2 protein chains.
Amino acid sequence: MPRPAVLSPNDVRALDEVDRALLAHLVADARITNAALAEAVGVAPSTCLARVRSLRERGVIRGYHADVDPAAVGLPLQAMISVRLQSDARDRLGEFTGLVRRLPEVRDVYFVAGEDDYLLHVATAGTGALRDLVARLNAHRDVAGTVTSLIFDHLRPVPVPGS
Amino acid sequence: MPRPAVLSPNDVRALDEVDRALLAHLVADARITNAALAEAVGVAPSTCLARVRSLRERGVIRGYHADVDPAAVGLPLQAMISVRLQSDARDRLGEFTGLVRRLPEVRDVYFVAGEDDYLLHVATAGTGALRDLVARLNAHRDVAGTVTSLIFDHLRPVPVPGS
DNA sequence: AGTGAAAATCTATAAGC
DNA sequence: GCTTATAGATTTTCACT
């Protein structure tokens, strides 16, 4: 599957009501069939297919992903780790970013403004694994410090009824 | 689609290699066809279908979602908002949780341990909309205070080659 | 649990409106 | 953009291991 090109100004066509409805349905259920999606938003299947393909190619839809319960795969302990980098590490941001993205425990990397540089949403096997992960991060030469907050629960938005 | 029941201890059967391979592929691409998925993990299509259905029904797979670029739908400014609740609001947690989950700007609700109670990952139309959102949160009777950090970038893990 | 093969659906494309 | 038609894939079931 080709990576969609970055949105250029020329590609920014306003999304209409149909597009927004398509997106809402696909966010709620990415495996809905084209026929069902077309009926739900009130367009012909061929139109629906062309619309969705366009949204994908324009990068509005970045991908489709299964949401796996971390606890069900042996990673019941989630945390948010704030990472502050050394001030002289600013020219190696990409390197560190690539590293943390490849850690199997990391589910989201937020690159933030302010005192901290990263927020890492992680899922681990337990307190021992979390402790090890934090220790490994702190041992990295570019890391000035970390703050770890346990996550009791992670919720996504409720699907709206009219989607 | 029926909501899968909460995992009870009886349902916790260890996932085998095939299950893990299926999950890795579906996380990377939730719209892979059953036939292609079956071939990728080395089982028959019918077996693949039964496995995936079982994972879904057991709650290991919680759903399938399109990943929509917030900037492409007019919400280019992301932020992480820490919310600290009033100490006497502890018996209304569910109420506040339900409220924030329904805000259209909110993409993730992390319920955390520590000084703060929530981390809200939000996407807004711009600085004005973000300011309004923060003001609305602070105006809620249960909110003791908020801290907002801008998000420059939000990355998810890189799909592993062997998936 | 897993498989192969049949039956039911669905996707994808194209032509005409 | 819609409808219709059509070929080709795909999903889904089921009898049998």
Side-chain angles (χ1 to χ4, degrees), chain A residues 1-5 10-69 72-74 162-163, chain B residues 1-5 7-68 72-73 163:
Chain A
M1 192 168 315
R3 279 283 109 192
N10 292 341
D11 290 330
V12 179
R13 291 182 281 278
L15 302 177
D16 65 15
E17 288 304 309
V18 173
D19 288 325
R20 293 186 181 273
L22 291 172
L23 292 174
H25 277 87
L26 288 170
V27 167
D29 175 14
R31 298 204 63 161
I32 186 174
T33 66
N34 182 66
L37 183 57
E39 187 184 357
V41 306
V43 296
S46 55
T47 304
C48 183
L49 193 65
R51 290 265 196 162
V52 173
R53 185 176 295 162
S54 169
L55 290 168
R56 182 77 173 90
E57 286 171 353
R58 282 187 281 161
V60 178
I61 296 172
R62 294 189 289 209
Y64 304 95
H65 306 288
D67 174 25
V68 173
D69 180 1
V73 295
S163 67
Chain B
M1 193 169 315
R3 277 284 110 193
L7 278 183
S8 75
N10 292 341
D11 289 331
V12 178
R13 291 182 280 278
L15 303 176
D16 64 16
E17 288 303 311
V18 172
D19 287 326
R20 292 186 181 275
L22 292 171
L23 292 175
H25 278 87
L26 288 169
V27 167
D29 176 14
R31 298 204 64 161
I32 186 174
T33 66
N34 183 65
L37 183 58
E39 188 185 358
V41 306
V43 297
S46 52
T47 304
C48 184
L49 191 67
R51 288 266 198 164
V52 173
R53 185 175 294 162
S54 169
L55 290 168
R56 182 76 174 90
E57 286 170 354
R58 281 187 282 160
V60 178
I61 296 172
R62 293 189 288 208
Y64 304 96
H65 307 289
D67 173 26
V68 173
V73 295
S163 68

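Letters A, B, ... mirror the listed sequences (proteins, then strands); counts begin at 1. Keep in mind it's a predicted model, so treat the numbers as computed, not measured.
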Exercise. Starting at the 5' end of DNA chain D and moving along, which residue's nearest nucleotide shows up first, B:P45 or A:R51?
Worked result: A:R51
For this session: Drop me the distance from A:L37's CG to A:L22's CG, to the nearest 0.5 angstrom.
Result: 5.0 Å
For this session: Measure the CD1-OH distance between A:I32 and B:Y64 for me, rounded to the nearest 0.5 Å.
Result: 14.5 Å
For [X] versus [Y], what's the shortest heavy-atom pair and its separation?
X: A:R62; Y: A:R56; value: O-NH1, 3.3 Å
X: A:L15; Y: A:R58; value: CD2-NH1, 4.0 Å
X: A:D69; Y: B:G59; value: CB-O, 3.5 Å
X: A:A66; Y: B:A30; value: N-CB, 3.6 Å
X: B:V41; Y: B:H25; value: CG1-ND1, 4.1 Å

For this session: Rounded to the nearest angstrom, tell me the gap between atom CD in B:E39 and atom P in D:dT10.
Result: 11 Å
Seminar exercise, completed: If each end axis of the helix from C:dA1-D:dT17 to C:dC17-D:dG1 is fitted on five C1' pair positions, the angle between them, to 10 degrees, is 30°
For this session: Would you classify B:A44 as touching base, sugar-phosphate or nothing, given that sugar-phosphate means primed atoms plus P, OP1 and OP2, and contacts are heavy atoms under 4.0 Å?
Result: sugar-phosphate
Problem set entry | Base versus backbone protein contacts along nucleotides 7-14 of chain C [heavy-atom cut-off under 4.0 Å; B, S, -] | ---SSBS-
Exercise. Among side-chain atoms of B:T47 and B:R51, is any donor-acceptor pair under 3.5 angstrom?
Worked result: no
